[in-house]
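All chains are named by letter (A, B, ...) in the order of the sequence lines, taking the proteins before the strands, and each is independently numbered beginning at 1.
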Amino acid sequence: MPDTGAMPDTGYAVAAVLVSAAVTWALRALPFAALTPLRESSTARYLSVHMPAGVMVILVVYCLHDLPVTEARATAPLAALAVTVGLHLWRRTALLSILGGTATHVLLASTVFAR
Amino acid sequence: METSPVATEDRPRRTPAPPPATRPEAPVAWPEASAIRPEAGALRSDAPSARSEARAALRDSAGVGLAFLPLGLAYGALVTQSGLEWWWAGLSAAFVFGGSFEFLLVGMVAAAAPLASIAVSALLVNSRHVFYTLSFPLHRVGGRLGKTYSTYALCDEAYALTTGEQARGWSSRRILWLQFSLHLYWAASSTVGALLGSFIPDRVTGLDFALTALFTVLALDAVRDLRGQLATPALAVLSALFARLLFPGQLLPAAFVLFTAALLGRRLATSRTPRHA
């Protein structure tokens, strides 16, 4: 394995991808065999209604979890988040909301709040 | 552009099917063309044709798929800036196909982290997929090969789109085409991002916000499907904040466990009391 800084060895970089792919696929496929019998229960139906919204909300919090809330540069992601939410409530066009929010963030992070 | 993924092909056509040759809109010079035109195929049976299903899936995936563009560009650029080769961006995007983990993976590979710790990180960050099993409509995907691919390409965005209200009537083919389109957008935009990465000036930062924006949009749509039951997103936020406080290093798995437990608790509590509506 090479030292940090140098370009990682190709065999290692490919192996890292294969290991990650195997673990990810196992997590996506194996639980179906174990949990399928539970699907018919009313509890599973309840979860299937409520989980998607909660899961996505948690992923948003995860994306923002290292936000430096006490520093001025936290303004960029917060403003971008407000633009994303505002655009989406207004027009409900996923593409517009995502591009608008991302553009706001790139603009602010690259200029006003550039490190 | 069309915002709602609800496609007209979902509705069974009630129009009686005339013989193809007498259909006025069928081109006279190309009678066999009616066989490949999706409209003509849909007219003859209630099941939409293969092509119209693929087209509907393209429309379903368009909003999210185009959001993969800035994200893929950011990912590809990060890969080359971290000292990895451009093709590695495409390879990891196509094989791992889990955007949020891939961003972490770049850093680990650039730092030559041991394969075992890469495996553990993949396990922890992607453990949320276990919870997708409870609601992803795999039972509607046909065939062993179809199911195998469907689980392989079960990314967050595919889960969000196929569990939404508009997806209830989607066929096996439409789900698979949707997943394939997302997979393709991601792999292609990552590769392009890596190739163009060197052209993006170092001053331009913050493209990675596309991931946050993407999840925000998916969350708003999913919350809207709940029709004002704001207790669910509130429980999710609380679970994430508790997880952040108690297990800052393992926010994701901790938050999902807490959230699932909270939902089950709420289900128990509400099923005991009689409904008042």
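Heavy atoms of A:Y46 lying under 4.5 Å from chain B belong exclusively to its side chain. With a 4.5 Å cut-off on non-hydrogen atoms, B:L105 touches chain A through its side chain but not through its backbone. No part of A:V83 comes within reach of chain B, as not one of its non-hydrogen atoms sits under 4.5 angstrom from that chain. For A:L64, the part lying under 4.5 angstrom from a heavy atom of chain B is the side chain only. Contacts between B:L251 and chain A at a heavy-atom distance below 4.5 Å involve the side chain alone, from C-beta outward. Within the 4.5 angstrom heavy-atom criterion, atoms from both the backbone and the side chain of A:V49 approach chain B. When heavy atoms are compared at a cutoff of 4.5 Å, B:F136 approaches chain A by way of both its backbone and its side chain. There is no contact between B:S121 and chain A, counting heavy-atom distances below 4.5 Å. Using a 4.5 Å cut-off between heavy atoms, B:P233 contacts chain A through both its backbone and its side chain. In this structure, chain A has no heavy atom under 4.5 Å from any part of B:E102. Heavy atoms of A:L87 lying under 4.5 Å from chain B are absent altogether. Proximity to chain A is limited to the side chain of B:L104, based on heavy atoms less than 4.5 angstrom apart. Neither the backbone nor the side chain of A:T104 comes within contact range of chain B; no heavy atom of the residue lies under 4.5 Å from a heavy atom of that chain. If you measure heavy-atom distances from B:L235 to chain A, you find no contacts under 4.5 Å at all.
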Practice item. Go through the steps for B:F215 and A:V55 under the test side chain to side chain contact (heavy atoms under 4.5 Å, CB included), then give the verdict. Key: CA-CA 9 Å; B:F215 288 143; A:V55 165; over 6 Å; no
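Across A:F113 and A:T75, no two heavy atoms sit closer than the pair CZ-CB, 3.5 Å.
Judged purely by atom type and a 3.5 angstrom limit, A:H105 uses its side chain to pair as donor or acceptor with the backbone of B:G206. Remark: the backbone N or O of A:H50 is not paired with any side-chain donor or acceptor of B:T232 at under 3.5 angstrom. Not a single donor-acceptor pair under 3.5 Å links the side chain of B:E165 to the backbone N or O of B:L226. The closest donor-acceptor contact from the side chain of A:S48 to the backbone of A:R45 lies under 3.5 Å. Formation of a donor-acceptor pair under 3.5 Å by the A:T102 side chain with backbone atoms of A:L99 is not found in this model. Within the 3.5 Å criterion, the main-chain N or O of B:T205 finds a donor-acceptor partner in the side chain of A:S110. Without hydrogens or angle criteria, B:Y132 side chain to A:P52 main chain gives no donor-acceptor distance under 3.5 Å.
For chain A, the option among B:D225, B:L218, B:T260, B:L69 with the highest count of heavy-atom pairs below 4.5 Å is B:L218. Here B:H129 is the residue among B:H139, B:R128, B:H129 with the most heavy-atom pairs under 4.5 Å with chain A. Across A:P77, A:S97, A:G100, the residue that shares the most heavy-atom pairs under 4.5 angstrom with chain B is A:P77. The choice from A:A13, A:A26, A:A103, A:A15 that makes the most heavy-atom pairs within less than 4.5 Å of chain B is A:A13. For the set A:L30, A:L81, A:L18, the count of heavy-atom pairs under 4.5 angstrom toward chain B peaks at A:L81. Chain A forms the most heavy-atom pairs under 4.5 Å with one residue out of B:L138, B:L71, B:I118, and that residue is B:L138. Considering only heavy-atom pairs separated by less than 4.5 Å from chain A, the leading option among B:T163, B:L220, B:V223 is B:L220.
In this structure, B:Y152 and A:W25 have perpendicular ring planes: the angle between them is above 60°, well past the 30° mark. Below 30°, between 30° and 60°, or above 60°: for B:W186 and B:F103 the angle between ring planes is between 30° and 60°, a tilted geometry.
Counting heavy-atom neighbours within 6.0 Å of B:F95 CZ, excluding the residue itself, gives a total of 12 or less.
Between B:F209 and A:L108 the shortest side-chain heavy-atom distance does not fall below 4.5 Å. In this structure the side chain of B:Y149 reaches within 4.5 angstrom of the side chain of B:H183, judged on heavy atoms.
In the model, B:W87 has no side-chain atom that pairs as donor or acceptor with a side-chain atom of B:T191 under 3.5 Å. Looking at B:S135 and B:Y159, their side chains do bring a donor and an acceptor atom within 3.5 Å of each other.
Residues of residues 240-247 of chain B that come closer than 4.5 Å to chain A, counting heavy atoms only, are B:A240, B:R244, ordered by residue number.
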